[in-house]
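Reminder, nothing fancy here: chain letters follow the sequence lines and each chain counts from 1. Heavy-atom basis, side chains included; hydrogens, waters and symmetry copies ignored. As the structure is a prediction and not an experimental result, all values here were calculated from the model.
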Protein chains: 2
Amino acid sequence: MSEQNLTKNQDLVLNQLGKSKTPMSAYDLLDKLREKGLKAPLQIYRALDKLTEMGLAHRLETLNAFVACAHPNCHENELIAFGICENCNKVWEFSDDEVSKRLDLWAKERDFTPVKTSLEIRGICAKCA
Amino acid sequence: MSEQNLTKNQDLVLNQLGKSKTPMSAYDLLDKLREKGLKAPLQIYRALDKLTEMGLAHRLETLNAFVACAHPNCHENELIAFGICENCNKVWEFSDDEVSKRLDLWAKERDFTPVKTSLEIRGICAKCA
DNA sequence: TCCATTAATGTAATAACATAACATTGTTGC
DNA sequence: GCAACAATGTTATGTTATTACATTAATGGA
């Protein structure tokens, strides 16, 4: 299932991410995609850069890893938050208007111009508890 | 100005962090502390582990860097958020009860048990705008 | 005090994550 | 066809973090 305007490498990376139930590091991706001809980390990182720019993938800062966007059709630019289970590594993607509003307020009060916000809750999910 | 129950290495690292106006990476710290006898990354990382556990320092996940806690006397365990200027690298530490409440609610609804939450707003501060 | 236990330290080696630099190829539009 | 730009390929290197193992220091009984 190939995506809209993606280049070959971007498509390979996004599809691999999509198949995974848990986040993958750039090197995880490289290992999986060697058989498709990818050879160097930079090929992965370049694809990931574009994919995250386009909102089709997200970087999890606390894991140095990446996931496919859970809502690949809505390229929303709102704040995206993640819950991450430290046991099974599953990720829940969500957003909360009230949280966004409070953070916007914090920024406005200080003339701070947000560029990118990262919000990650690490913990243990219901199944793993 | 030495702290309560800190070991020699912890004290060195925390004081160095305290002197810096911007976040420092573990290797930044190592460079500064070589003259005090520290020689290996692990000495820095071990000290940072303890300091962050104690709430005296914080790790900024989006920078792979560390800051001294802005409120070193209140060992609160609440959610701490950071604003980070991408131009001057200054960091603002804050918390917001409403945000904490909303995230707690998200977790409760899913029987998710939070362990550690990371919230970082990267952007441009008023002075740098 | 002696000894056992645990915490902290020191050191070398290596693993994991990410980018710089530069050459080449592919695509687009005039 | 060709200029301009985007994407790719490749090598090397830079940056961040941990493993493994040996040693020393601090603590708390018997």
Fill in the blank from the handout: A/Ile44 atom CD1 is separated from C/dA16 atom P, nearest whole Å, by 16 Å
Problem - Atom of B/Cys85, atom of B/Ile124 and distance for their closest heavy-atom approach - result: SG-CA, 4.0 Å
Fill in the blank from the handout: Winner on side-chain proximity to A/Asn64, out of C/dG10, D/dA17, C/dC17, is C/dC17
Completion exercise
Rounded to whole Å, CG of A/Leu63 lies from C1' of C/dA18 at a distance of 16 Å
Completion exercise
Taken to the nearest whole Å, CG/B/Asp49 to C1'/D/dA17 is 10 Å
Fill in the blank from the handout: A/Gln43 atom CD is separated from D/dT11 atom P, nearest whole Å, by 10 Å
Problem - Nearest-neighbour nucleotide for the B/Thr7 side chain, C/dT9, D/dT8, C/dA18 considered - result: C/dT9
Problem - Shortest side-chain distance from B/Tyr45, nucleotide among C/dC17, C/dT9, D/dA17 - result: D/dA17
Completion exercise
Taken to the nearest whole Å, CG/A/Asp28 to P/C/dC17 is 7 Å
Fill in the blank from the handout: Of the candidates C/dT11, D/dG9, C/dC17, the side chain of B/Ala40 sits closest to C/dT11
Problem - Centroid-centroid under 6.0 Å between A/Phe82 and A/His58 rings - result: yes
Handout entry: Minimum side-chain heavy-atom gap A/Leu51-A/Leu6 below 4.5 Å
Key = yes
Handout entry: A/Asp97-A/Ser100 side chain donor-acceptor pair, cut-off 3.5 Å
Key = no
Practice task
Using only heavy-atom distances, determine whether the side chains of A/Glu120 and A/Thr62 contain a donor-acceptor pair under 3.5 Å.
Solution key: yes
Practice task
Looking at every strand, decide which applies to A/Ala26 at a 4.0 Å heavy-atom threshold: base, sugar-phosphate, or nothing.
Solution key: nothing
Practice task
Using a cut-off of strictly less than 4.0 Å, decide whether B/Lys39 has a side-chain nitrogen or oxygen near OP1 or OP2 of C/dG10.
Solution key: no
Practice task
Check the distance between D/dA25's C1' and B/Asn9's CG and give it to me in whole angstrom.
Solution key: 13 Å
Handout entry: Polar side-chain contact A/Tyr27-C/dA15 base: donor and acceptor under 3.5 Å
Key = no
Practice task
Please tell me which of the listed nucleotides, C/dA20, D/dT19, D/dT11, lies nearest to the side chain of A/Leu42?
Solution key: C/dA20
Problem - Between P of C/dG26 and CG of A/Asn5, the distance in whole Å - result: 20 Å
Exercise for the section: Grab the NZ-P distance between B/Lys50 and C/dT9 for me, whole Å please. Expected result: 9 Å
